[in-house]
Each structure stands twice: as C-alpha cells, then as structure tokens.
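Here is the structure we will look at.
If you read the sequence from its start, that first residue is 1, and numbering goes on from there.
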Amino acid sequence: MPFCFKRKESVRKAVRRICRERVHEALKCLRHTNHLECVHEVRKEIKKLRAILRLIRGEIGKGIYRRNTNALRTAANHLTAIRDAHVTLNAFEKLTHHFARKLPARPLPEIKKALRKNCRRRERKFLKGNSVPAVRKILQAFRGRGRNLKIESDGWAAICPGLKQSYCRGKNALKTVGKNPSPENFHEWRKRVKDLWHQIKLLCPAWPQELRAAADELESLGEFLGDDHDLVMLKKFLADACGKIEGAKLLNELIELRQKELRSAGLKLGVKFFAEKPVAFCRRFENYWKIWRSEK
C-alpha cells in the first residue's frame, strides 16, 4: 500500500483511502507489540496520519482537525515510554560506535547495564498495562470518522494551503533554531521537517525524480535532528539515573561533541532546503501536480 496520491484519484478519495490504509497497517502491527519494531511501526503510521490531517486541515475545519489530531497524539503517547527507553539505548550504542577510537573495546559497561535494565522495566510495564487496547480503540474510532471526512475543495486547491503552511512552519522553525539553538527548538524543527517529508512523499508520483530527491533531503535532515534528540534523551537519562556511575562525565562530553556535529550538518542542509520563498516553493509543486494530472 504505497503512501502516495494516485493520478486519476480525487484528493477526497485519496485522503480517505490513505487514512484507511495507514490505520490498517497500524492495527496489524498492534497484534505483535511484543516486538519493539512493531511498536515503532505503529508510531510511524500515526505520524503519517497526523501529517495528512495537517495537509488538509483548512478543508476539514478546526474542530474536526483538533479532535482527530488530539486522538492520534493520545495514541502515540501510549507508546512513548517503551519507545524512548529503547531509543536511548540505541543512541548509546550509536554514540559509542561513532567514537570507538576514543573508547575501550567494551565501553562504559555500567551505563549500558543501566540502560538495558530501564528497557526491561519499561517493557514489563507496557505489556502489563492497557496501552495496546487503548491505542487500538483510538485507531478504530479514527477509521470510522475517516470514512466520512468531508473535504470542501478538490485537486490542488485542497492541498496547497496545507503544504504552504508546513513549509512556512519548517522555515520559521529553522529561523528560531538560528536565534536560539535550544534542544526544545531543535526538536520542534524536527517535527515540522517530518510533517513536510511525509507530505512530499504523498506527492512524489507527480514528478518522481525531483520530488524523491527533495524527500531524501528532508529524510536526511530528519535523521540528523532525530539523532540529536535521541542524544538529548540519553543525556537526561544520565542525569537522572547514572550521575554517579563511572564514565558518565566522559559520556556527557561525547554527547555534546556529537550534537555539535549533528546540529552543524542539520543546519547546513536545512538552510539549503528552506532557501526558497514559500510562494515559489508552492508554485513549483503546483506545476508538477498540474502537469501530472493532465497526462493521459
């Protein structure tokens, strides 16, 4: 089930179809939540759904938009704790691999032990709790509402305002990071980048080579910002649970060094991607769309 629009399909039908397909995939993954990757996949499907809603938010009305996005946010929050525990461990693994030459063969074993213990504790709590039934209920309710989503306009008029807003929000978030490079502002920028990435992926069939290249740039930017945020969580874990463990100070130093690398790379790529003015960006995408839709 490709995550994209179809040339001969109206935007109304496409949005309903894509929402239905994404919910189906998420519910399928919920059957296997004893596997961490399935939990991660459910969260990814929820992010896609939220990106679609942001794309058409002006068409469905504020009330419907808020109701649905709030419900999806609640569903994602049910899966956050277990996901964050494993992401923090993975961030440790990636960091120590990146700086392998500066560390012994088996680096910082006590910290790694604490991270693994935290993962096991979060897993037990997740499996004993009611998170899976709660998420399933939210997604099933969303699926029912999605069948009747009313989109006032159609064609490019239905998606242009949302695409422009996503681009503007990404561009403005970049400016905010430039003025105040706090972890919170980098994380907010990452969320805006992810939204735009999903939305461009929806449009990729309109001009595959060009739009896939744009999507790839946003994906790389999202990975830089995502790795940075994972290190923020690792740093917080160290402060909360490992302050007195041997090697915590060294690990903090490596985290800060790696974050400088990631943020520098992210800013360089972000400045390049968001160089266009929003009007020019949307006009370019409109041309791709209209040429594609007019083909026989």
Side-chain angles (χ1 to χ4, degrees), residues 29-30 32-47 73 75-132 134-135 181-191 193-194 219-266:
C29 289
L30 276 178
H32 308 285
T33 47
N34 55 319
H35 299 291
L36 176 65
E37 187 58 34
C38 291
V39 175
H40 184 52
E41 288 300 318
V42 175
R43 283 176 56 86
K44 288 199 292 186
E45 297 298 345
I46 290 173
K47 288 179 180 179
R73 185 182 299 111
N77 287 342
H78 278 291
L79 308 174
T80 296
I82 184 172
R83 181 263 181 195
D84 286 355
H86 283 273
V87 160
T88 307
L89 174 58
N90 187 54
F92 172 85
E93 298 278 13
K94 289 175 71 174
L95 183 69
T96 52
H97 177 76
H98 184 77
F99 291 112
R101 293 183 179 181
K102 297 185 178 183
L103 294 166
R106 297 181 64 187
L108 310 171
E110 291 301 314
I111 294 175
K112 188 172 184 178
K113 181 180 178 181
L115 287 163
R116 285 179 168 171
K117 183 178 179 181
N118 182 53
C119 286
R120 290 192 295 270
R121 180 172 61 84
R122 293 290 186 181
E123 285 171 4
R124 287 194 298 268
K125 186 175 180 179
F126 175 77
L127 292 172
K128 290 180 180 179
N130 69 338
S131 291
V132 172
V135 173
S182 67
E184 295 78 15
N185 287 338
F186 268 102
H187 185 46
E188 186 63 26
W189 186 29
R190 179 202 180 200
K191 289 189 286 185
V193 166
K194 284 282 187 179
E219 184 176 20
S220 296
L221 176 54
E223 287 174 355
F224 288 139
L225 300 177
D227 287 350
D228 173 70
H229 181 63
D230 294 348
L231 291 173
V232 170
M233 291 195 295
L234 177 58
K235 194 170 187 178
K236 185 179 184 303
F237 180 84
L238 286 176
D240 293 343
C242 303
K244 297 181 180 180
I245 293 180
E246 182 182 356
K249 182 179 178 181
L250 171 60
L251 192 59
N252 265 313
E253 291 172 355
L254 295 179
I255 288 172
E256 291 176 2
L257 181 58
R258 181 58 177 151
Q259 283 184 301
K260 287 181 181 178
E261 296 173 353
L262 291 167
R263 292 179 180 183
S264 175

In Å, rounded to the nearest 0.5 Å, how long is the span from [atom1] of [X] to [atom2] of [Y]?
X      : Y      : atom1 : atom2 : result
Leu108 : Thr96  : CG    : OG1   : 7.5 Å
Phe126 : His78  : CZ    : NE2   : 10.0 Å
Ile46  : Leu79  : CD1   : CG    : 5.5 Å
Leu231 : Asn252 : CG    : CG    : 10.5 Å

Please enumerate all residues that pass salt bridge (charged side-chain N to carboxylate O under 4.0 Å, His left out) together with [X], with sequence neighbours excluded.
X      : result
Lys117 : none
Glu253 : none
Lys47  : none
Lys125 : none

Review point. Going by heavy atoms in the side chains, are Glu261 and Arg258 under 4.5 Å from each other?
Key: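 Yes, close enough: below the 4.5 Å cut-off.
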
Practice item. Please tell me if the side chains of Glu184 and Glu188 come closer than 4.5 Å, counting only heavy atoms from C-beta onward. Key: no

Exercise for review: Please say whether more than 12 non-hydrogen atoms of neighbouring residues, nucleotides or ligands are located less than 6.0 Å from CZ in Arg73.
Suggested key: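 Atom CZ in Arg73 is packed in, count exceeds 12.
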
**Study point:** Heavy atoms from other residues, nucleotides or ligands near CD of Glu246 exceed 12 (cutoff 6.0 Å)
**Key:** no

Would you name the heavy atoms of [X] and [Y] that are closest together and state the gap between them?
X      : Y      : answer
Leu238 : Ala248 : CD1-O, 4.3 Å
Leu30  : Val132 : O-CG1, 4.0 Å
Cys29  : Val42  : CB-CG2, 3.5 Å

Study note, to complete from the structure: Checking Leu234, Val232, Leu250 against Ile255 for side chain to side chain contact (heavy atoms under 4.5 Å, CB included), the one that qualifies is Leu234

Using residues 80-93 as the side-chain source, report each donor-acceptor pair under 3.5 Å to any protein atom, sequence neighbours left out, with the distance given to one decimal.
{"from": "Thr80", "atom 1": "OG1", "to": "Arg43", "atom 2": "NH1", "distance (Å)": "3.3"}
{"from": "Thr80", "atom 1": "OG1", "to": "Ala76", "atom 2": "O", "distance (Å)": "3.1"}
{"from": "His86", "atom 1": "NE2", "to": "Glu123", "atom 2": "OE2", "distance (Å)": "2.6"}
{"from": "Thr88", "atom 1": "OG1", "to": "Asp84", "atom 2": "O", "distance (Å)": "2.6"}
{"from": "Glu93", "atom 1": "OE2", "to": "Lys112", "atom 2": "NZ", "distance (Å)": "3.2"}

Exercise for review: Could you list all the salt bridge (Lys or Arg N to Asp or Glu O under 4.0 Å) pairs where at least one residue sits in residues 225-240, not counting sequence neighbours?
Suggested key: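 Found Lys94-Asp227, Asp228-Arg263, Lys235-Glu256, Lys236-Asp240.
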
Tell me every residue that passes side-chain hydrogen bond (donor to acceptor under 3.5 Å, both in side chains) with [X], counting only those two or more places apart in sequence or in another chain.
X      : value
Asn118 : Arg121
Asn185 : Ser182
Glu223 : none
Lys102 : none

Review point. Could you walk me through whether Arg120 and Arg116 pass the side chain to side chain contact (heavy atoms under 4.5 Å, CB included) check?
Key: CA-CA 6 Å; Arg120 290 192 295 270; Arg116 285 179 168 171; 3.8 Å; yes

Practice item. Quick one: which residue pairs count as a ring-ring contact (aromatic ring centres under 6.0 Å, His included) with a foot in residues 99-125, not counting sequence neighbours? Key: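 Output for this query is empty, none listed.
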
Exercise for review: Identify, with sequence neighbours excluded, every residue that meets side-chain contact (heavy atoms from CB on, under 4.5 Å) alongside Ile245.
Suggested key: Glu110, Ile111, Ala114, Cys242

